[in-house]
Amino acid sequence: MTQAFQKLAAIRGMNDILPEAGARWEQFEAIVRDWLQSYGYRNMRAPVLEHTRLFTRGIGEVTDIVEKEMYSFTDSLNGESLTMRPEFTAGMVRAAIEHNLLYDRPQRVYAMGPVFRHERPQRGRYRQFHQIDVEALGFAGPDVDAEMIVMLARLWRQLGLTDIRLELNSLGQPEERARHREALIAHLEQHRDILDEDGQRRMYTNPLRVLDTKNPAMQAMADSAPRLSDFLGEASRAHLQGVCDRLDDAGIAYRMNPRLVRGLDYYNLTVFEWVTDRLGAQGTVCGGGRYDGLIELLGGKPAPAVGFAIGVERLLDLWSQGEAPEARPECDVYIVHQDEAGQRQAARLGEQLRDAGLRVVVHAGSSGFKSQFKRADASGAQVAVILGADELAAQVASVKWLRSTQQEGSGQQQVPFAELANVLLPGRPKAKSAP
Ligand code: ATP
Ligand code: MG
């Protein structure tokens with residue numbers, strides 16, 4: 001006797017996206033692709049798995065991600081340590097270097113897909129989540145930083161999202177951060193007694209990150225800490241001003257947040273986040289900034305770059321609270337039929353209607369008309385096409401409008417096969433959403 005297989009659940013923090021939600025995801029992704037292409041970004045895809053050292057080097061040893069969030073394992077074949085990408089940028093840059101992408105010109109590229117972080121699952125925080133990652137590789141000026149922010153504002157507009165605000169900061173250059181860091185460590189040393197465990201541990205390795213604390217007991221200490229903005233040189237200040245001027249040109253409001261440091265080590269100059277109050281504690285829907293040192297750090301010829309990542313789950317959560325359009329029904333036309341001859345004719349007609357651009361489901365299997373109509377209704381189709389014995393004999397199809405009011409009262413209409421597409425097309429639901 002075979003033993004029943006123990007039912008399995010998905011891994012904690014890793015979500016199934018079921019068909020209802022899947023339609024919404026596709027709708028969102030289609031909008032996003034059009035939006036990215038409207039700024040000249042091209043799709044690029046790097047593997048989900050990379051060598052662990054790409055991330056330890058690229059993201060930084062003393063970051064939340066590398067210290068405790070990575071899914072890493074040893075490849076049993078050769079003993080190499082591999083890691084499921086916890087973010088896109090390191091892999092995108094690795095690929096750009098490996099394939100000499102910046103050889104003759106800078107590149108605007110994007111990717112979307114899952115990333116993996118071993119965090120405590122809660123609303124807006126998952127272990128597999130999705131990002132839209134956008135990178136402008138080889139661009140130095142504040143014009144591209146500002147363009148990215150303006151471009152994000154356009155996406156929020158297109159999605160009808162209004163409650164997202166922009167926070168901005170400049171992290172300056174490494175030398176400026178080094179001088180600030182000395183002053184900061186001196187400040188932390190003075191307040192050593194109130195630092196929590198993370199703070200104690202990081203005060204010498206990543207003192208800037210200590211200020212990013214959520215511990216209320218450390219807020220006053222963080223507020224009175226020396227500010228990086230006081231250590232910025234002329235060029236860094238000019239870069240920031242360049243970004244701000246262009247945001248003003250575009251009418252985009254922002255708040256300077258001197259505490260915004262981002263959780264990855266590779267950033268310099270401009271950093272920004274888009275935040276909302278509508279998602280509870282996990283309110284950051286997008287974060288980005290400049291990373292002029294990363295390409296060189298990962299072995300490439302030095303080149304500046306700037307990028308951002310959108311958290312898709314959080315953004316979709318926000319979108320569904322507002323004006324997100326209804327997801328499209330699974331098909332436009334549902335064909336019901338009787339007997340084998342009816343089914344075969346239905347299959348032929350289905351192909352014909354798809355040629356005309358309609359989305360068609362032909363009922364599969366044989367069942368009574370009543371249950372077929374139930375399925376037709378559940379499919380969301382605008383119209384049912386009926387191929388019963390009478391119809392086959394007369395070489396016509398009966399057309400029954402399932403929801404639109406304009407054809408109401410007209411009951412069923414008999415249409416010769418060759419004219420079916422023409423009769424159905426005008427009733428095809430206009431795509432209520434962009435794609
Ligand atoms: P947080 O401070 O919320 O942990 P982060 O700074 O670690 O965010 P980034 O590395 O900047 O996040 O990633 C970009 C975006 O990805 C975030 O702004 C957020 O929208 C989303 N994101 C990050 N971590 C998660 C997660 N565990 N689950 C779902 N979305 C996430
Ligand atoms: Mg995080």
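Counting convention: from 1, in listed order, for ligands and their atoms alike. Note that the structure is predicted; figures quoted are calculated from it, not measured.
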Considering only heavy atoms, which of Gly124, Gly311, Pro121 lies nearest to atom 29 (C) of ligand 1?
Gly124
Give the single entry among Gln128, Arg125, Glu273, Gln282 that approaches atom 2 (O) of ligand 1 most closely by any heavy atom.
Arg125
Specify the protein heavy atom at minimum distance from atom 28 (N) of ligand 1: its residue, its atom name, and the distance to 0.1 Å.
Tyr126 N, 2.9 Å
Heteroatom proximity flag, Thr284 to ligand 1, N/O under 3.5 Å:
yes
Should you measure from each heavy atom of Gln131, which atoms of ligand 1 turn up under 4.0 Å away?
13 (O), 14 (C), 15 (C), 16 (O)
Which option wins on minimum heavy-atom distance to atom 10 (O) of ligand 1: Glu87, Arg117, Arg262?
Arg117
Applying side-chain hydrogen bond (donor to acceptor under 3.5 Å, both in side chains), can you list everything that pairs with Ser72, at least two apart in sequence or on another chain?
Thr83
Among Phe129, Phe88, Phe308, closest by any non-hydrogen atom to atom 25 (C) of ligand 1:
Phe129
Among Gln37, Met112, Gln158, find the residue that satisfies the side-chain contact (heavy atoms from CB on, under 4.5 Å) test when tested with Val32.
Met112
Counting each atom of ligand 1 from 1 as listed, which ones have a heavy atom of Val285 under 4.0 Å away?
18 (O), 20 (O)
Mark whether atom 8 (O) of ligand 1 lies under 4.0 angstrom from at least one protein heavy atom.
no
For Glu135 and Thr89, which I'm curious about, is there any donor-acceptor pair between the side chains at under 3.5 Å?
yes
